[in-house]
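Comments concern the structure below.
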Amino acid sequence: MTVNEMQQIVEETAANFIKTFVEPAAGEIDEQETFPMSNMKEMGRLGLLGIPFPEEYEGLDQSFASYISFVRQLAGACASTAMTVVAHTCLSGHPIHSFGSPLQKTVHLSRLATGEAIGAFALTESGSGSDMASMRTRAVEHDDHYVLNGSKTFITNANVADIYLVAASTAPDKKMLGLTVFILEKGMKGISTSSKKERKLGMRGADMGELIFQDVIIPKENVVGRKNFGLEVLHETLASARMGMAAIAVGIAEEAQRHCLQYVKQRKQFDQYLYQFQTIKNMLADMEVNLNASRLLLERAVHLKDSGKPFAKEASEAKLFASETATRITKDAVQIFGGYGYSRELPLERLFRDAKLTEIGDGTSEIQRLIIADELIKRRAKSSFNPVGGQKL
Ligand SMILES: Cc1cc2nc3c(=O)[nH]c(=O)nc-3n(C[C@H](O)[C@H](O)[C@H](O)COP(=O)(O)OP(=O)(O)OC[C@H]3O[C@@H](n4cnc5c(N)ncnc54)[C@H](O)[C@@H]3O)c2cc1C
């Protein structure tokens, strides 16, 4: 089978799955705040959780572009499911794929790719959000293991995950250069959750909770990469996940635009269709231009990644622009629908609530602006740049 034939099969499988399973359940998943477990299991069965991973680890060996395209379409149908997938694939599977040992890939990546296990990525702490350098979770090295103590907050999939990628400080004096990422598994002694699913503005089906680590013994073979190598792992993982978040933003915004384009041709006021009002036309035009710009920025970042070139700055640009665009477009979509937009009978208010998260998760818009500006300054005046700033890289 050629690469193109395989890609076509993946696209058709994804489109069928979204239409049959995801679209019909999305409203209820949001309303009932239910974790989309059956969607996850079905995606695992179909291979869709392993799109960018090698076949030897149960993946489909497709490009990152193919994976991002799937996330975008998924988000248009159910952003909670898309968010769950990004935390599972980009934040949990991806670092194992890029930095893990062959054993870690065989044992853990394969289980993530088939949906046998659900992944979570734990970086944020109650006192350490944008500022990773203030992390307090510590892992102390012993002969053949580490002992982990601390806690993580706002973790997607915390209450449902089987595999956790956890960042901890292994050399507190080195701050950002003293971080290490570990693979932990459900059932290890000393791991607990608060069992409380955080209630959120949007993405209500996606699980989010707290992880607590008390004297957890982690075998040394569970270190991702090597000791004090966490910054590199986090840098690459977050940059990749930002493209996932940008894809979610684009998917949500496209769905809002689709609804608007139908509605303005149906709804009449003052004997005119809505699309005949200049102010509505302005909103539709701005939606289109900003969506196209978001798609192009995302495409550029993804292309760089697929070509093996540096992509962190471009991923931040795509995430920043697409997320702020999604918030604006969904706000305008609610406005175009008037009272019906505000009503919970239609999905516009859900899209509006879901979009906001894309400006916060995987690094806020403010942090993306810092990354972009720092990179620009670094390129122009390398000698005076301090790369160990401390913000979420
Ligand atoms: C639904 C959801 C899911 C999440 N999932 C995960 C997950 O799976 N794993 C995980 O590890 N984390 C997760 N997070 C956490 C998320 O990454 C953080 O919330 C985010 O990075 C911001 O950190 P904070 O909330 O502590 O805000 P803070 O860092 O306290 O920031 C507060 C405000 O100050 C601004 N700010 C902070 N520093 C600066 C600065 N230097 N310059 C300018 N402005 C600044 C911020 O932009 C923000 O506006 C999730 C969060 C949410 C809401």
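Scope of the values below: all heavy atoms of this structure, side chains included, with no hydrogens, waters or symmetry mates. Note that ligands are numbered from 1 as they come in the structure, with each ligand's atoms numbered from 1 the same way. Keep in mind that what you see is a predicted model, and the values were worked out from it rather than measured.
Contacts between T364 and ligand 1 below 4.0 angstrom, taking non-hydrogen atoms only, involve the side chain exclusively. Residue-level proximity to ligand 1 for L357 is carried by the side chain, the only part with a heavy atom below 4.0 angstrom. By the criterion of a heavy-atom distance under 4.0 Å, the side chain of L370, and not its backbone, is placed next to ligand 1. Contacts between K152 and ligand 1 below 4.0 angstrom, taking non-hydrogen atoms only, are absent altogether. Residue contacts with ligand 1, taken as heavy atom pairs separated by less than 4.0 Å, involve S130 via backbone and side-chain atoms alike.
Salt-bridge formation is detected for the pair E349/R353: a Lys NZ or Arg NE/NH1/NH2 atom is positioned less than 4.0 Å from an Asp or Glu carboxylate oxygen. Taking the charged nitrogens against the carboxylate oxygens, R369 and E324 do have a contact shorter than 4.0 Å, which makes a salt bridge. At a threshold of 4.0 Å, the pair K220-E141 counts as salt-bridged, since one of the basic side-chain nitrogens sits closer than that to a carboxylate oxygen. Between E254 and R258 there is no salt bridge, since none of the side-chain N atoms of the basic residue sits less than 4.0 Å from a carboxylate O of the acidic one.
Of the polar atoms of T153, none of the N or O atoms is found under 3.5 Å from an N or O of ligand 1, judged by distance alone. At a 3.5 angstrom cut-off on N or O pairs, K200 does not count as close to ligand 1. Among the atoms of F121, some N or O lies under 3.5 angstrom from an N or O of ligand 1. At under 3.5 Å, not a single nitrogen or oxygen of M208, backbone or side chain, sits near a nitrogen or oxygen of ligand 1. Backbone and side-chain nitrogen or oxygen atoms of T156 are examined, and one is located within less than 3.5 angstrom of a nitrogen or oxygen of ligand 1.
Looking at every heavy atom in both residues, S92 comes nearest to F121 through OG-N, 3.8 Å. Between A158 and T193, the shortest heavy-atom distance links the atoms O-CG2, 3.7 Å.
Heavy-atom proximity to M83, at under 4.0 Å, picks out these atoms of ligand 1: 1 (C), 3 (C). For ligand 1 and E366, the ligand atoms under 4.0 Å from any heavy atom of the residue are 43 (C), 44 (N), 46 (C), 47 (O), 49 (O). Of all atoms in ligand 1, numbered sequentially from 1 with element shown, those under 4.0 Å from a heavy atom of D362 are 17 (O). Distances below 4.0 Å separate heavy atoms of I155 from the following atoms of ligand 1: 7 (C), 8 (O), 9 (N), 10 (C), 11 (O).
Exactly one residue among L184, V166, V223 makes a side chain to side chain contact (heavy atoms under 4.5 Å, CB included) with I218. That residue is L184.
Under a cut-off of 6.0 angstrom, the local environment of CD in E345 is sparse, with at most 12 non-hydrogen atoms contributed by other residues, nucleotides or ligands.
Aromatic pair F21/F17: centroids less than 6.0 angstrom apart.
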